[in-house]
Protein chains: 2
Amino acid sequence: MARRNVPIEKCDCDIIHQEVVDRVRGRLPQEETLYDLAEFFKVFGDSTRIRILWALTESEMCVCDIANLLNMTQSAISHQLRVLKQAALVKNRRDGKVVYYSLDDDHVQQILEQGMSHINEK
Amino acid sequence: MARRNVPIEKCDCDIIHQEVVDRVRGRLPQEETLYDLAEFFKVFGDSTRIRILWALTESEMCVCDIANLLNMTQSAISHQLRVLKQAALVKNRRDGKVVYYSLDDDHVQQILEQGMSHINEK
DNA sequence: TACTCATATGAATATTTGTTCATGTATTAG
DNA sequence: CTAATACATGAACAAATATTCATATGAGTA
């Protein structure tokens, strides 16, 4: 959501803190890298996807199982599974008509648990 | 974004996988907990906020420093800092007219780094 | 006091995004 | 081949959200 038609106003801090700001600027990762990082976390930032991921930490499941479990339409789940797949958070295998989804690696579970422990501490 | 005016269609998997689905259902955290977890990750899911957080891992900074660093308006930064503060990811201290923001704890940095290492692996 | 600077905030707006609906594709069964 | 089942997908719509603009607040200063 990037807009910016207006010049940025400066304040005196710019002069006072110039060294600090320049140092921080030099240590920031690439703009694009941080954008990708935000995109990565964005995938976790939806309760439907979180519930799907959490469910898959317990067992691989097919699309319709997940839809039943979460009481949502097959279409809605399928759309979200696509988002998760594109983010390389889940993988799938086909067995006849049925497609089973599972977590792509256990890194995902670690991230879920770390987030969970953070909100439990506060 | 919760809508659901339509009954969920069932498929045969529901019968075949019933035991698995029931077991997973029993092991899912509270609906509200997962919702909170999604809200938590949602805060990381914006590139402006990610850049703010990453900058604050290097040094505390005032609002106008951050605005200059990221080449954005003071207002936009201030709005996002409020989001970060409400999520308990940053804290602030006032020194005269200037308000300095910093990370609330180093747990935040761990989460950033874990996300970063994930996207670098893929 | 009046004035300036740094920050906060409410409303408006444009963009993004999640779900629904309709339909398409792949696989199996008859 | 035809029908049925499980899943995928494009378009439309509603809701959420990030930025801008205008303005308010709070602290120092003349």
Side-chain angles (χ1 to χ4, degrees), chain A residues 1-17 35 38-39 41-52 60-68 70-87 90 92-101, chain B residues 1-17 35 38-39 41-52 60-68 70-87 90 92-101:
Chain A
M1 206 164 270
R3 278 180 287 170
R4 205 183 314 120
N5 331 320
V6 178
I8 305 300
E9 68 275 24
K10 297 270 175 181
C11 70
D12 295 348
C13 297
D14 193 38
I15 299 143
I16 305 168
H17 301 142
Y35 183 84
E39 290 300 305
F41 281 119
K42 195 174 290 183
V43 179
F44 290 87
D46 174 79
S47 60
T48 298
R49 289 192 293 266
I50 281 283
R51 291 189 300 159
I52 293 174
E60 73 166 9
M61 280 191 289
C62 71
V63 180
C64 106
D65 285 341
I66 301 173
N68 288 326
L70 304 184
N71 195 34
M72 293 179 65
T73 65
Q74 174 268 318
S75 178
I77 299 300
S78 195
H79 276 296
Q80 297 301 354
L81 284 169
R82 190 160 57 91
V83 174
L84 293 170
K85 180 118 191 267
Q86 280 173 348
V90 304
N92 57 13
R93 69 180 178 87
R94 178 177 274 276
D95 181 14
K97 286 178 294 190
V98 182
V99 177
Y100 291 92
Y101 281 83
Chain B
M1 206 165 270
R3 277 181 288 169
R4 205 184 314 121
N5 331 320
V6 178
I8 306 298
E9 68 274 26
K10 298 272 178 180
C11 69
D12 295 349
C13 298
D14 193 40
I15 299 143
I16 305 168
H17 301 142
Y35 183 83
E39 290 299 305
F41 282 119
K42 195 174 291 183
V43 179
F44 289 87
D46 175 80
S47 60
T48 299
R49 290 192 292 267
I50 281 283
R51 291 190 299 158
I52 293 173
E60 73 166 10
M61 281 191 288
C62 70
V63 179
C64 105
D65 285 342
I66 301 173
N68 288 327
L70 303 185
N71 194 35
M72 293 180 65
T73 65
Q74 173 270 318
S75 178
I77 300 299
S78 195
H79 277 295
Q80 296 301 353
L81 284 169
R82 190 158 59 88
V83 174
L84 292 170
K85 180 116 191 273
Q86 281 173 346
V90 303
N92 57 13
R93 68 181 178 87
R94 179 176 273 276
D95 180 15
K97 286 179 294 192
V98 182
V99 178
Y100 291 93
Y101 281 83

Q: Among residues at least two apart in sequence or on other chains, which ones pass side-chain hydrogen bond (donor to acceptor under 3.5 Å, both in side chains) with A/D12?
A: none

Q: Rounded to whole Å, please give me the gap between CG in A/D46 and P in D/dT17.
A: 10 Å

Q: Find the distance B/E39:CD to D/dA16:P and express it as a whole number of Å.
A: 10 Å

Q: B/E60 versus B/R93: any side-chain heavy-atom pair under 4.5 Å?
A: yes

Q: Is the SG of A/C64 found under 2.5 Å away from the SG of B/C11?
A: yes

Q: If I take atom CG in residue B/L81 and atom P in nucleotide D/dA18, what distance separates them, rounded to the nearest angstrom?
A: 13 Å

Q: Between D/dT19, C/dT20, C/dT9, which nucleotide gets closest to the side-chain atoms of B/T48?
A: D/dT19

Q: Could you tell me the separation between the CD1 atom of A/I77 and the C1' atom of D/dA6, rounded to a whole number of Å?
A: 14 Å

Q: If you look at every heavy atom in A/K85 and A/V90, which pair is closest and at what distance?
A: N-CG2, 3.7 Å

Q: Side chain of A/Q80: nearest nucleotide among C/dT9, C/dT19, D/dA8?
A: C/dT19

Q: Could you run through nucleotides 22-30 of chain D and give me one letter per nucleotide, 5' to 3': B if any protein heavy atom sits under 4.0 Å from the base, S if only the sugar-phosphate is that close, - if neither?
A: B----BS--

Q: Looking across every strand, which nucleic acid part, if any, lies under 4.0 Å from A/K42 by heavy atom: base, sugar-phosphate, or nothing?
A: sugar-phosphate

Q: Please pick, from D/dC7, C/dT20, C/dA6, the nucleotide with the shortest atom-to-atom distance to any side-chain atom of A/T73.
A: C/dT20

Q: Is any side-chain nitrogen or oxygen of A/R49 closer than 4.0 Å to OP1 or OP2 of C/dG18?
A: yes

Q: Using whole Å, report how far NZ of A/K85 lies from C1' of D/dT9.
A: 14 Å

Q: Let me know the distance between CG of B/N92 and P of C/dT9, rounded to the nearest Å.
A: 10 Å

Q: Could you grab the distance from atom CD1 of A/I52 to atom CG of A/L70, nearest 0.5 Å is fine?
A: 6.0 Å

Q: Test side-chain contact (heavy atoms from CB on, under 4.5 Å) on B/H17 and A/Y100 and set out the steps.
A: CA-CA 12 Å; B/H17 301 142; A/Y100 291 92; 3.0 Å; yes

Q: Hey, which of these two, A/A76 or B/V99, hits DNA chain C nearer its 5' end, going by closest nucleotide?
A: B/V99

Q: CG of B/N71 versus P of D/dT20: gap in Å, rounded?
A: 10 Å

Q: Measure from the side-chain heavy atoms of B/H79 and tell me the nearest of D/dT20, C/dA6, D/dA8.
A: D/dT20

Q: So, does A/Y101 get its side chain near the phosphate of D/dA6, meaning an N or O under 4.0 Å from OP1 or OP2?
A: no

Q: Could you check how far CD1 of A/I15 sits from C1' of C/dC5, rounded to whole Å?
A: 12 Å

Q: Would you indicate what A/Y100 reaches in the nucleic acid, counting non-hydrogen atoms under 4.0 angstrom: base, sugar-phosphate, or nothing?
A: nothing

Q: Taking side-chain contact (heavy atoms from CB on, under 4.5 Å) as the test, write out the residues that go with B/R82, two or more places apart.
A: B/H79, B/Q86

